[in-house]
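These notes are about the structure you will find just below.
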Amino acid sequence: MNDDCIFCQILNERAPCYAVHETRYTKTFLDIFPATPGHCLIVTKDHYQDIFEATPDAISMVGHVSTLIAHVVKEELQSEGVGIFQLNGAAAGQTVFHYHMHVIPRNTGEDLTIHNRMPGDPAELEALAARLSTRAYSMRVDD
Ligand code: 5GP
Ligand code: ZN
């Protein structure tokens with residue numbers, strides 16, 4: 001764990017989050033600057049800066065959970081598409097240096113930005129997290 005890392009602070013419950021899903025190895029919560037409504041982040045419970053530090057097992061678990069969360073956002077929010085990606089290093093646009101995967105609901109005609117400078121509305125984030133969480137725990141990854 002890294003005391004200066006915002007994702008570690010969320011994992012330690014020293015910072016709040018809009019939680020969606022949790023496994024032994026991962027936690028999924030909403031991005032508070034959502035590219036689109038329902039933008040989720042899947043983070044490893046251990047602190048790895050990026051893909052070059054993360055273990056193959058941790059990366060596999062995040063990949064496994066990203067499949068579940070893709071189904072969850074597509075079904076719950078009826079999105080046409082889902083973007084799944086992650087960034088490594090400032091040169092690649094990474095801004096939080098704790099390994100994580102973005103899962104972003106996408107619809108035709110929307111701006112394909114990754115980072116939004118506008119924070120989401122707290123009430124909307126809370127309601128979305130509750131819907132996505134209920135859906136996530138009702139599904140199996142191979143549903
Ligand atoms: P990166 O640029 O490193 O791939 O993505 C980091 C993401 O974390 C960004 O999309 C940013 O909006 C999000 N983010 C930054 N600070 C916080 C925070 O305190 N809480 C949450 N939930 N997301 C954050
Ligand atoms: Zn961290």
Side-chain angles (χ1 to χ4, degrees), residues 1-90 92-107 110-143:
M1 287 293 158
N2 177 341
D3 285 346
D4 300 328
C5 168
I6 182 61
F7 290 173
C8 284
Q9 289 170 13
I10 288 171
L11 289 164
N12 289 334
E13 298 184 350
R14 286 193 287 117
C17 75
Y18 298 95
V20 170
H21 186 257
E22 192 160 353
T23 69
R24 271 177 73 185
Y25 305 102
T26 64
K27 188 170 176 92
T28 302
F29 48 83
L30 293 182
D31 195 307
I32 50 165
F33 299 94
T36 66
H39 179 169
C40 290
L41 301 172
I42 303 162
V43 311
T44 52
K45 284 202 171 166
D46 290 326
H47 179 90
Y48 306 107
Q49 183 164 310
D50 54 27
I51 200 167
F52 304 110
E53 267 191 11
T55 62
D57 280 353
I59 292 169
S60 301
M61 270 310 291
V62 170
H64 187 70
V65 173
S66 71
T67 308
L68 170 69
I69 299 300
H71 283 275
V72 166
V73 298
K74 191 167 191 335
E75 290 184 23
E76 185 62 32
L77 306 177
Q78 298 291 301
S79 67
E80 290 176 63
V82 180
I84 301 179
F85 59 87
Q86 59 92 218
L87 305 170
N88 300 283
Q94 186 177 6
T95 58
V96 175
F97 296 92
H98 178 130
Y99 182 78
H100 60 279
M101 188 74 74
H102 296 258
V103 178
I104 305 184
R106 295 291 194 189
N107 289 291
E110 284 174 357
D111 188 1
L112 289 177
T113 51
I114 301 166
H115 296 117
N116 191 345
R117 271 184 242 116
M118 291 284 291
D121 172 64
E124 189 186 347
L125 289 168
E126 196 173 331
L128 275 169
R131 283 173 62 192
L132 295 176
S133 186
T134 301
R135 176 77 68 158
Y137 287 114
S138 74
M139 286 176 76
R140 284 156 34 99
V141 76
D142 51 355
D143 273 352

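The basis for the numbers below is simple: all heavy atoms, side chains too, and nothing from hydrogens, waters or symmetry mates.
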### Task
Identify, with sequence neighbours excluded, every residue that meets ring-ring contact (aromatic ring centres under 6.0 Å, His included) alongside His47.
His98
### Query
With sequence neighbours left out, which residue pairs that include part of residues 112-136 fulfil the ring pair (Phe, Tyr, Trp, His ring centres under 6.0 Å) condition?
none
### Query
If you measure from CG on Asp57 to CG on Asp46, what distance do you get to the nearest 0.5 Å?
11.0 Å
Please output the side-chain donor-acceptor pairs of residues 31-43 that fall under 3.5 Å, not counting sequence neighbours, one pair per line with the distance.
unit_1: Asp31; atom_1: OD1; unit_2: Phe33; atom_2: N; d: 2.8
unit_1: Asp31; atom_1: OD2; unit_2: His39; atom_2: NE2; d: 3.4
unit_1: Thr36; atom_1: OG1; unit_2: Pro105; atom_2: O; d: 2.7
unit_1: His39; atom_1: ND1; unit_2: Ala35; atom_2: N; d: 3.0
unit_1: His39; atom_1: NE2; unit_2: His102; atom_2: ND1; d: 2.9

### Task
Not counting sequence neighbours, which residues clear side-chain hydrogen bond (donor to acceptor under 3.5 Å, both in side chains) with Asn88? List them please.
Gln86
### Summary
With sequence neighbours left out, the residues meeting side-chain contact (heavy atoms from CB on, under 4.5 Å) with Phe97 are Gln49, Ala90, Gln94
### Message
Ile84: which residues meet the side-chain contact (heavy atoms from CB on, under 4.5 Å) condition with it, sequence neighbours left out?
### Response
Ser66, Ala70, Val82, Met101, Val103
## Note on the structure
So OG1 of Thr95 and CD1 of Ile6: to nearest 0.5 Å the spacing works out to 11.5 Å
### Task
For Arg24, enumerate each residue passing the side-chain contact (heavy atoms from CB on, under 4.5 Å) test, keeping only those at least two apart in sequence or located in another chain.
none
### Query
Between the main-chain N or O of Asp3 and the side-chain N or O of Gln9, is there a donor-acceptor pair closer than 3.5 Å?
yes
### From Met139 atom CE to Thr134 atom OG1, the distance as rounded to the nearest 0.5 Å
13.0 Å
### Message
If you compare all heavy atoms of Lys45 against all heavy atoms of Met1, which two are closest, and at what distance to 0.1 Å?
### Response
O-CE, 2.6 Å
For residues 118-133, tabulate all N or O donor-acceptor pairs below 3.5 Å that involve a side-chain atom, not counting sequence neighbours.
unit_1: Asp121; atom_1: OD2; unit_2: Ala123; atom_2: N; d: 3.4
unit_1: Asp121; atom_1: OD2; unit_2: Glu124; atom_2: N; d: 3.0
unit_1: Arg131; atom_1: NE; unit_2: Glu76; atom_2: OE2; d: 2.9
unit_1: Arg131; atom_1: NH2; unit_2: Glu76; atom_2: O; d: 2.9
unit_1: Arg131; atom_1: NH2; unit_2: Glu76; atom_2: OE2; d: 3.4
unit_1: Ser133; atom_1: OG; unit_2: Val20; atom_2: O; d: 2.9

### Query
Is the backbone of Glu75 close enough, under 3.5 Å, to the side chain of Gln78 for a donor and an acceptor to pair up by distance?
yes
### Atom pair CD1/CG of Ile59 and Asp50 - distance to nearest 0.5 Å
9.0 Å
### Task
Can you sort out the partners of Ser60 under side-chain hydrogen bond (donor to acceptor under 3.5 Å, both in side chains), two or more places apart, ordered by chain and number?
none
### Query
Minimum heavy-atom separation for Val72 to Ala136, with atom names?
CG2-CA, 3.5 Å
## Note on the structure
The side-chain hydrogen bond (donor to acceptor under 3.5 Å, both in side chains) partners of Thr26 (sequence neighbours excluded) come to Thr23
### Task
Please identify each residue that fulfils ring-ring contact (aromatic ring centres under 6.0 Å, His included) with Phe29, with sequence neighbours left out.
Phe7
### Those residues that, when tested against Tyr25, pass ring-ring contact (aromatic ring centres under 6.0 Å, His included) (two or more places apart)
none
